[in-house]
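A short write-up of the structure that comes next.
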Amino acid sequence: MGLEHFLVLSALLFGVGLFMALSKRNIIGILMGIELMFNAVNLSLVSFARFLEAAERLSGQVFVVFSITVAAAEAAVALALAVAIYRRRESVDVDRINLLRW
């Protein structure tokens, strides 16, 4: 397996995640799509770090670990917001959430 296989897989994962994020009306589905896109980017970063010659081979993996940490924090905040909105509105449908509208 070469770099192009991993990049194609990463592009497919990113496309599925983008489709999920744009087509779902449920907050949880949108978050799952965003996380899928994060993981697709991480896969491509690790693939580049593995297959390309670089002075520092661990830089790609270190960046991915940092990215996973940021994604976990983002997911925790977003899920906390989803729970708070659900408790107040009793719905996670993004069309029914109009807290910032005039």
Side-chain angles (χ1 to χ4, degrees):
M1 293 182 70
L3 176 63
E4 58 274 357
H5 294 103
F6 289 103
L7 292 179
V8 167
L9 178 63
S10 175
L12 289 174
L13 281 176
F14 192 86
V16 170
L18 184 64
F19 177 75
M20 280 183 65
L22 294 178
S23 66
K24 296 288 183 180
R25 303 231 182 264
N26 188 335
I27 291 175
I28 305 300
I30 293 170
L31 288 175
M32 289 174 62
I34 291 171
E35 291 298 321
L36 201 56
M37 287 190 287
F38 272 131
N39 288 329
V41 171
N42 289 337
L43 177 63
S44 66
L45 286 174
V46 169
S47 301
F48 278 120
R50 167 66 176 88
F51 287 102
L52 296 180
E53 294 295 326
E56 299 177 19
R57 294 190 59 92
L58 289 179
S59 61
Q61 285 87 356
V62 170
F63 191 71
V64 166
V65 169
F66 178 74
S67 175
I68 289 171
T69 305
V70 171
E74 172 265 334
V77 170
L79 287 175
L81 286 173
V83 168
I85 289 171
Y86 179 76
R87 285 182 181 167
R88 184 173 173 94
R89 300 287 175 128
E90 296 184 359
S91 175
V92 289
D93 188 7
V94 292
D95 288 337
R96 296 184 60 200
I97 300 170
N98 56 3
L99 297 173
L100 298 178
R101 290 186 186 164
W102 290 83

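Here the structure is a predicted model, which is why all the values come from computation and not from measurement.
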For Glu90, I'd like to know if atom CD has over 12 heavy atoms of other residues, nucleotides or ligands within 6.0 Å.
no
Hey, is the main chain of Val65 close enough, under 3.5 Å, to the side chain of Thr69 for a donor-acceptor pair?
yes
Ala82 and Val92 have their tightest heavy-atom pair at O-CG1, 4.4 Å
One should read off an interatomic distance between Leu3 CG and Met1 CE, to the nearest 0.5 angstrom, of 10.5 Å
Practice task
Give a yes or no on whether Leu22 and Val94 share a hydrophobic cluster (residues Ile, Leu, Val, Met, Phe, Trp, Tyr; joining criterion: side-chain heavy atoms under 4.5 Å apart).
Solution key: yes
Rounded to the nearest 0.5 angstrom, the NZ-CD1 distance for Lys24 and Ile30 is 10.0 Å
d(Leu9 CG, Phe14 CZ) to nearest 0.5 Å is 14.0 Å
Looking only at heavy atoms, the pair that brings Phe38 and Ala71 closest together is CD1-CB, 3.9 Å
Under the side chain to side chain contact (heavy atoms under 4.5 Å, CB included) rule, what do Arg50 and Phe6 come out as? Steps first, then yes or no, please.
CA-CA 11 Å; Arg50 167 66 176 88; Phe6 289 103; over 6 Å; no
With a 4.5 Å cut-off on side-chain heavy atoms, are Leu13 and Asn39 touching?
no
State plainly whether one hydrophobic cluster holds both Val16 and Leu43, where clusters connect Ile, Leu, Val, Met, Phe, Trp and Tyr through side-chain heavy atoms under 4.5 angstrom apart. yes
Ala40 and Ser10 have their tightest heavy-atom pair at O-OG, 2.6 Å
Note: with side-chain heavy atoms under 4.5 Å as the link, the other cluster members for Phe66 come out as Val70
Here the pair of heavy atoms bringing Ala21 nearest to Met37 is CB-CE, 4.1 Å
Does a side-chain heavy-atom distance below 4.5 Å link Ile27 with Leu31? yes
Heavy-atom closest pair (Asn42 atom, Val64 atom, distance to 0.1 Å) is O-CG2, 3.6 Å
*Identify whether Val8 and Leu45 are in the same connected component of the hydrophobic contact network (ILVMFWY, side-chain heavy atoms under 4.5 Å).*
no
### Message
Please check if the number of heavy atoms outside Tyr86 that lie under 6.0 Å from its OH is greater than 12.
### Response
no
Apart from Phe19 itself, members of its ILVMFWY cluster (side-chain separation under 4.5 Å) are none
When hydrophobic residues are tied together by side-chain contacts of less than 4.5 Å, even through go-betweens, does Ile28 share a cluster with Leu81? no
Between Gly33 and Met20 the two heavy atoms that sit nearest each other are CA-CB, 3.9 Å
Under a 4.5 Å side-chain heavy-atom rule over Ile, Leu, Val, Met, Phe, Trp and Tyr, are Ile68 and Phe48 clustered together? yes
dist Leu36:CG -> Leu18:CG (nearest 0.5 Å) comes out at 10.5 Å
